[in-house]
Amino acid sequence: MEKLLKSELKTTVLKAFGSSGGGWISQGQSYETDQGRVFVKINNKPQARTMFEGEMASLIAIQQTNTLRVPQPIKVIDLPGGGAAFAMEYLKMKSLGSKTVYSAKLGEQVADLHLYNQKLGEKRKKEENTVGKGAGQTKPHHVDKFGFDIVTCCGYIAQVNEWQSDWPTFFIRHRLQAQMDLIERDYGDREARELWSRLKPKIPEMFCDLEIIPALLHGDLWARNVAEDDSGPILFDPACFYGHSEFELAISMMFGGFSSSFFSAYHSKIPKASGFEKRNKLYQLFNYINHWNHFGTGYRGPTLNVMRKLLK
């Protein structure tokens, strides 16, 4: 591993520091190199390159908005025995303090991320009405559909991000149905199948009279994927796609770790739309099914309970 990393990172110095560790998906290690400190994630699963390429593209997409700080991605590296490694900038991070000013700042910055594509669209329309404005300049690309240019992974499950012009279609097909297909394959759960068959046709009704502008989402915004350092909040481990901004908040509200100041700051920029609470349950459903697929039947009960509530 050391020889491979030295070659791929083009460094003569590779000295591990700190303790090795990681989350429940990948392991990680920090290194001193000729170019400074780096952090390397390692995963031996066959889909590791897909996971890391999606994460790298996600970090780049967030960086390009200049709204939130994320680690600078460096390189995805194939491992000779299978799997892959992902090298990125090392940042000395600590847990985001729920009572610090950075919690509110993160709320504002996440809202700015979600509004970025909308503002690009407004700017483009304005420039179209101004003769010669911006001619010949390279501008950030405005997106008018839902999806992403590359597969991303929420946990280790690959998510198809095929572009769709309609948000309910994208969400049902590429998020909920894709997850339910895995439940059917692995568990053949009759009650889950029956509840889903009743719920699925009712979902579009939850989006009536709602204008949804594609927003770039982090995609997995729970407390373990946010941090801070002396200069402010940091996000990492993204699984980006362009979707409904409300989707992002569901997992943030499920497992704690985000203070009221985070949500107040967010909603000061993006107020709750009519029907928010019911759609929030719908978006939480995705996360419960995803957890069922990752961690087993301990999440079956919460999944079915949310389905029943949505059917009332």
Side-chain angles (χ1 to χ4, degrees), residues 55 57-73 88-89 91-126 139-144 146 148 152 154 167 210-277 279-280 283-284 287:
E55 183 177 347
S58 297
L59 290 171
I60 291 168
I62 294 172
Q63 270 188 333
Q64 288 175 341
T65 69
N66 291 313
T67 57
L68 277 153
R69 189 156 164 241
V70 296
Q72 171 70 39
M88 67 190 80
E89 172 189 16
L91 295 173
K92 189 176 182 181
M93 300 184 291
K94 59 184 178 182
S95 296
L96 183 73
S98 61
K99 295 181 180 178
T100 69
V101 66
Y102 290 152
S103 183
K105 187 175 182 181
L106 179 64
E108 292 176 3
Q109 291 178 340
V110 171
D112 288 340
L113 174 69
H114 291 172
L115 290 168
Y116 179 80
N117 187 56
Q118 177 182 325
K119 289 181 177 177
L120 272 185
E122 291 167 354
K123 184 180 178 184
R124 187 185 69 175
K125 283 183 182 178
K126 189 176 180 181
K139 297 191 289 288
H141 177 58
H142 172 255
V143 172
D144 60 2
F146 302 94
F148 201 54
T152 52
C154 191
W167 167 248
L210 188 69
E211 182 187 14
I212 301 174
I213 296 169
L216 181 63
L217 308 180
H218 173 280
D220 192 16
L221 192 68
W222 71 300
R224 287 287 190 90
N225 289 343
V226 304
E228 66 176 60
D229 65 7
D230 293 339
S231 62
I234 301 165
L235 289 190
F236 53 96
D237 287 357
C240 284
F241 64 99
Y242 284 86
H244 186 195
S245 57
E246 290 179 0
F247 174 91
E248 191 92 284
L249 300 184
I251 195 167
S252 308
M253 299 171 80
M254 287 171 70
F255 301 116
F258 290 86
S259 69
S260 58
S261 62
F262 168 85
F263 294 106
S264 295
Y266 179 89
H267 288 302
S268 70
K269 293 196 167 195
I270 305 179
K272 290 182 182 180
S274 176
F276 173 89
E277 301 302 336
R279 289 190 301 274
N280 186 254
Y283 293 142
Q284 288 186 352
N287 291 291

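Atom set for the values below is all heavy atoms of this structure, side chains included, hydrogens, waters and symmetry mates excluded.
Side-chain atoms of I62 and P238, non-hydrogen and from C-beta on, do get closer than 4.5 Å to each other. Looking at I213 and L115, their side chains never come closer than 4.5 Å, going by heavy atoms from C-beta outward. The side-chain heavy atoms of H244 and L210, taken from C-beta on, include a pair separated by under 4.5 Å. At a threshold of 4.5 Å between non-hydrogen side-chain atoms, the residues M88 and F236 do not count as touching.
Between P73 and I60, the closest heavy-atom pair is CG-CG1, 3.8 Å. For the residue pair P214 and N117, the shortest heavy atom distance occurs at O-ND2, 2.9 Å. The nearest pair of heavy atoms linking S245 to Y266 is CB-OH, 3.6 Å. Between T152 and S58, the closest heavy-atom pair is CG2-OG, 3.7 Å. Across I212 and W167, no two heavy atoms sit closer than the pair CD1-CD1, 3.5 Å. Across P71 and Q63, no two heavy atoms sit closer than the pair O-NE2, 4.2 Å.
The salt bridge (Lys or Arg N to Asp or Glu O under 4.0 Å) search around D229 returns R69, not counting sequence neighbours. By the side-chain hydrogen bond (donor to acceptor under 3.5 Å, both in side chains) test, E246 pairs with R279, sequence neighbours left out. Under the side chain to side chain contact (heavy atoms under 4.5 Å, CB included) criterion, D220 pairs with C154, H218, W222, N225, I251, not counting sequence neighbours.
Note that CD of Q284 and CZ of F247 are 11.0 Å apart. Values are rounded to the nearest 0.5 Å. To the nearest 0.5 Å, the span separating OG1 on T67 from CG on D112 amounts to 6.5 Å. Of the inter-residue distances, the one linking F146 atom CZ with Y242 atom OH reads 12.0 Å to the nearest 0.5 angstrom. Taking CD of Q109 as the reference point, atom OH of Y102 lies at 10.0 Å (rounded to 0.5 Å). Taking CG of L59 as the reference point, atom CG of L68 lies at 11.5 Å (rounded to 0.5 Å). Taken from CD in E248 to CG in L113, the straight-line distance is 7.0 Å, to the nearest 0.5 Å.
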Stepwise side-chain contact (heavy atoms from CB on, under 4.5 Å) check, L217 with C240: CA-CA 5 Å; L217 308 180; C240 284; over 6 Å; no
Step by step, work out the side-chain contact (heavy atoms from CB on, under 4.5 Å) result for F258 and L249. CA-CA 10 Å; F258 290 86; L249 300 184; over 6 Å; no
The test is side-chain contact (heavy atoms from CB on, under 4.5 Å); show your working for L216 and F241 and say whether it passes. CA-CA 6 Å; L216 181 63; F241 64 99; over 6 Å; no
May I have the step-by-step check of salt bridge (Lys or Arg N to Asp or Glu O under 4.0 Å) for K272 and E277, ending in yes or no? CA-CA 9 Å; K272 290 182 182 180; E277 301 302 336; 3.2 Å; yes
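Ring centers of Y283 and F276: at least 6.0 Å apart, outside the cut-off.
S268 places a side-chain N or O within donor-acceptor distance of the main-chain N or O of A265, the cut-off being under 3.5 Å. Judged by distance alone, the side chain of E228 and the main-chain N or O of P233 form no donor-acceptor pair under 3.5 Å.
Other residues, nucleotides and ligands place more than 12 heavy atoms under 6.0 Å from the NZ atom of K269.
Under the side chain to side chain contact (heavy atoms under 4.5 Å, CB included) rule, I234 has a single partner from L91, L106, L96, which is L91. The only option from Q118, K119, K126 that meets the side-chain hydrogen bond (donor to acceptor under 3.5 Å, both in side chains) definition with E122 turns out to be Q118.
Judged purely by distance below 3.5 Å, without hydrogens or angles, the side chains of S259 and S103 pair a donor atom with an acceptor atom.
Ring geometry, H267 versus F263: the interplanar angle falls under 30°, so the pair is classed parallel (tilted spans 30 to 60°).
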